[in-house]
Amino acid sequence: MKDQDQPDAGASRRAFLRAGLATGVAAIGSPVLAAGNPENQPPNIPEWTRLLGDGVAVRAYGKPSKHEAHVIRRDVEWLTASRESSVSFTPLHALDGNITPNGLLFERHHSGIAEVDPADYRLILHGLVDRPLIFTLDDLKRMPRVNRAYFCECAANSGMEWRGAQLNGAQFTHGMVHCVMYTGVPLKTLLDEAGVKTNAKWLLLEGGDSAAMTRSLPLAKAMDDVLIAYRMNGEMLYPENGYPVRAVIPGWEANMWVKWLRRIEVGDQPWHHREETSKYTDLLENGKARRFTYVMDAKSVITNPSPQAPLNHKSGFTVLSGIAWSGRGKIARVDVSLDGGRNWRTARLDGPVWDKALTRFYFEFDWDGSELLLQSRAMDETGYVQPTKTELRQVRGVNSIYHNNGIQTWHVHKNGEVENVEVS
Ligand code: MTE
Ligand code: CO
């Protein structure tokens with residue numbers, strides 16, 4: 001079962017899938033080879049109907065069925081030298097809707113997970129302010145709060161795909177994105193309390209992990225929609241996502257969403273630290289680098305089918321599904337192509353379409369069993385259209401790591417297997 005979840009399992013994965021199809025397994029939504037046990041199937045009474053089950057609170061904190069144990073964050077071993085400065089990816093192919101479950105958010109740490117004691121947690125606000133302040137966690141929780149769902153996408157998402165199709169799975173090509181409902185205090189509230197001086201233009205956000213990650217943030221964005229968040233999907237933040245407090249910078253690259261937020265300094269110019277000079281800048285063909293490229297442009301990906309989620313039926317009614325998002329606002333439309341971008345049809349958006357959040361789309365069609373080249377193309381409310389990879393490379397070259405929002409192509413083979421490819 002695990003094979004199809006590996007980024008590049010190659011031949012063994014293909015052989016495995018063919019074997020699965022040969023046995024005629026076609027149950028919708030079930031993993032490949034879910035032939036099961038006839039004793040539990042009609043006309044028999046299944047074993048779980050004959051037994052008394054676990055009582056309440058036996059599972060004091062709920063978790064998914066053991067049959068879903070393959071739905072986990074995964075990393076790519078050869079990608080980084082150590083796990084402490086690395087990334088794990090959201091299993092996009094195994095999720096639906098537009099909210100990511102708390103235990104499955106991709107993680108990106110520059111020096112591992114800081115284990116912060118909430119009793120010792122302090123947020124320092126100083127610099128060009130009338131009153132420097134230090135907030136405890138309780139101070140923050142006592143302030144007026146808001147709830148907002150936002151996508152969080154690492155600028156390096158799809159970064160391995162700049163020079164060509166690399167990783168076989170939406171989890172690995174696009175899984176550095178998640179979307180949860182944050183609860184927090186608008187940063188504006190804290191800044192108003194401290195009294196920002198008239199010459200202030202920039203903020204420095206600093207993390208409390210041993211990387212002490214720092215980023216410069218324009219004051220205008222801070223006053224607009226930035227949150228100082230302590231909850232995700234109702235629960236307190238998980239340690240890997242910044243417990244107890246992180247910055248939420250809607251629509252902007254996730255590197256700025258400083259976790260374990262410890263210090264905010266108000267200044268009159270950017271600091272030009274590591275994460276905004278040697279990193280998180282985009283080297284162009286002419287040797288110059290784009291800098292302060294904060295906004296994550298509109299992007300989308302088909303999550304089903306995709307390499308880790310092949311089609312298990314030979315033909316017939318098929319639900320294609322995916323996610324779209326834009327750092328500039330709401331998703332207005334998503335188009336889908338079955339033939340590598342020659343013909344486009346408009347997909348159906350379903351569920352809430354929130355500002356700067358993941359939006360779910362569906363496209364239902366009758367698959368005739370032939371090969372397909374699946375693509376999706378997002379458009380946002382500003383009229384921005386997701387570019388093809390060719391269009392993107394014409395402007396940006398291939399030296400970049402960050403901000404790859406080009407259109408993804410999945411090649412569906414006749415046996416239902418799906419591969420990461422590029423069309424020109
Ligand atoms: N904040 C601190 N303090 N340390 C970090 O290493 N990584 C950044 C950002 N904030 C980081 C951080 C990067 S590059 C990303 S992509 C996001 O956190 C990842 O957030 P997540 O782990 O909650 O998905
Ligand atoms: Co990142």
Side-chain angles (χ1 to χ4, degrees), residues 59-64 68-69 71-77 79-92 95 99-124 134-143 145 147-157 171 175-185 187 205-215 226-250 253-264 275:
R59 304 169 193 202
Y61 192 95
K63 57 178 193 180
E68 302 297 323
V71 182
I72 51 173
R73 301 192 266 234
R74 288 172 194 274
D75 62 344
V76 176
E77 256 171 50
L79 208 58
T80 53
S82 83
R83 278 226 155 98
E84 289 72 29
S85 180
S86 192
V87 56
S88 69
F89 300 89
T90 311
L92 298 176
L95 301 174
I99 292 289
T100 316
N102 283 344
L104 294 176
L105 274 62
F106 84 88
E107 317 149 89
R108 171 77 176 101
H109 317 305
H110 288 73
S111 61
I113 299 167
E115 293 287 350
V116 178
D117 184 334
D120 295 331
Y121 175 77
R122 298 291 182 275
L123 175 60
I124 303 160
I134 295 182
F135 301 90
T136 65
L137 184 57
D138 282 343
D139 291 338
L140 295 175
K141 284 182 164 177
R142 279 178 49 212
M143 302 181 91
R145 56 190 181 270
N147 295 293
R148 301 275 186 277
Y150 291 119
F151 78 80
C152 171
E153 184 186 18
C154 182
N157 198 19
Q171 179 164 21
M176 287 168 87
V177 67
H178 53 62
C179 183
V180 308
M181 176 74 71
Y182 294 97
T183 305
V185 185
L187 178 49
L205 307 185
E206 183 183 277
D209 51 339
S210 66
M213 229 200 63
T214 45
R215 281 298 299 255
V226 171
L227 298 181
I228 303 304
Y230 48 87
R231 290 184 184 276
M232 53 190 210
N233 295 333
E235 294 187 297
M236 287 301 287
L237 296 179
Y238 284 13
E240 51 270 45
N241 308 106
Y243 179 88
V245 174
R246 88 177 301 168
V248 168
I249 323 282
E253 61 187 17
N255 183 256
M256 306 178 77
W257 298 44
V258 174
K259 303 192 277 191
W260 314 288
L261 183 66
R262 184 184 164 266
R263 188 169 73 91
I264 302 176
E275 310 291 335

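All residue numbers refer to positions in the sequence shown, counting from 1.
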Any [X] side-chain heavy atom under 4.5 Å of [Y] side chain:
X: Val177; Y: Leu92; value: yes
X: Tyr150; Y: Leu227; value: yes
X: Met256; Y: Leu205; value: no
X: Met176; Y: Phe89; value: yes
X: Ile228; Y: Ile264; value: yes
X: Thr80; Y: Ser85; value: no
X: Tyr230; Y: Val185; value: yes
X: Arg145; Y: Asn147; value: no

Restricting to non-hydrogen atoms, name the atom on [X] and the atom on [Y] that form the minimum distance, rounded to 0.1 Å.
X: Pro244; Y: Leu137; answer: CB-CD2, 3.8 Å
X: Leu95; Y: Pro91; answer: CG-O, 3.4 Å
X: Ala149; Y: Ile99; answer: CB-CD1, 4.3 Å
X: Asn241; Y: Asn102; answer: OD1-O, 4.4 Å

Residues two or more places apart in sequence or in another chain: which of them pass salt bridge (Lys or Arg N to Asp or Glu O under 4.0 Å) with Arg108?
->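 Checked Arg108 against salt bridge (Lys or Arg N to Asp or Glu O under 4.0 Å); zero matches.
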
Who passes salt bridge (Lys or Arg N to Asp or Glu O under 4.0 Å) against Arg215, sequence neighbours left out?
->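 For Arg215, the residues satisfying salt bridge (Lys or Arg N to Asp or Glu O under 4.0 Å) (neighbours in sequence not counted) are Glu253, Glu276.
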
Do side-chain atoms of [X] reach the backbone of [Y] as a donor and acceptor pair under 3.5 angstrom?
X: Gln171; Y: Ile72; value: yes
X: Trp260; Y: Pro239; value: yes
X: Trp257; Y: Ile249; value: yes
X: Tyr121; Y: Leu261; value: yes

Sorted by first residue and then second, give each salt bridge (charged side-chain N to carboxylate O under 4.0 Å, His left out) pair with at least one member in residues 110-120; sequence neighbours left out.
->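 For residues 110-120, and leaving out neighbouring residues, there are no salt bridge (charged side-chain N to carboxylate O under 4.0 Å, His left out) pairs at all.
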
Cut-off 3.5 Å, side chains only: do Asp75 and Ser88 have a donor facing an acceptor?
->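 Short answer, no.
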
What residues, two or more places apart in sequence or in another chain, satisfy side chain to side chain contact (heavy atoms under 4.5 Å, CB included) together with Ser210?
->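 Ser210 satisfies side chain to side chain contact (heavy atoms under 4.5 Å, CB included) with Ser111 only.
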
With sequence neighbours excluded, what pairs up with Arg262 under the side chain to side chain contact (heavy atoms under 4.5 Å, CB included) test?
->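 Residues passing side chain to side chain contact (heavy atoms under 4.5 Å, CB included) with Arg262: Ile124, Glu206.
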
Chi angles and distances behind the side chain to side chain contact (heavy atoms under 4.5 Å, CB included) call for Phe106, Thr100 = CA-CA 10 Å; Phe106 84 88; Thr100 316; over 6 Å; no

Residue pair Glu84, Asp209: steps toward the side chain to side chain contact (heavy atoms under 4.5 Å, CB included) verdict = CA-CA 11 Å; Glu84 289 72 29; Asp209 51 339; over 6 Å; no

Would Ile113 and Glu107 satisfy side chain to side chain contact (heavy atoms under 4.5 Å, CB included), going step by step from the backbone distance to the final call?
-> CA-CA 9 Å; Ile113 299 167; Glu107 317 149 89; 4.1 Å; yes

Roughly how far apart are Arg231 CZ and Thr183 OG1, rounded to 0.5 Å?
->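 It comes to 6.5 Å.
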
Criterion side chain to side chain contact (heavy atoms under 4.5 Å, CB included) on Arg246 and Met232, from CA distance to verdict = CA-CA 10 Å; Arg246 88 177 301 168; Met232 53 190 210; over 6 Å; no

His109 and its side chain to side chain donor-acceptor pair (under 3.5 Å) partner, picked from Lys259, Arg83, Glu240 =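 Output: one option passes, namely Lys259.
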
Contacts of type side chain to side chain donor-acceptor pair (under 3.5 Å), residue Arg122, not counting sequence neighbours =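 Scan of Arg122 (side chain to side chain donor-acceptor pair (under 3.5 Å), adjacent residues dropped) gives none.
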
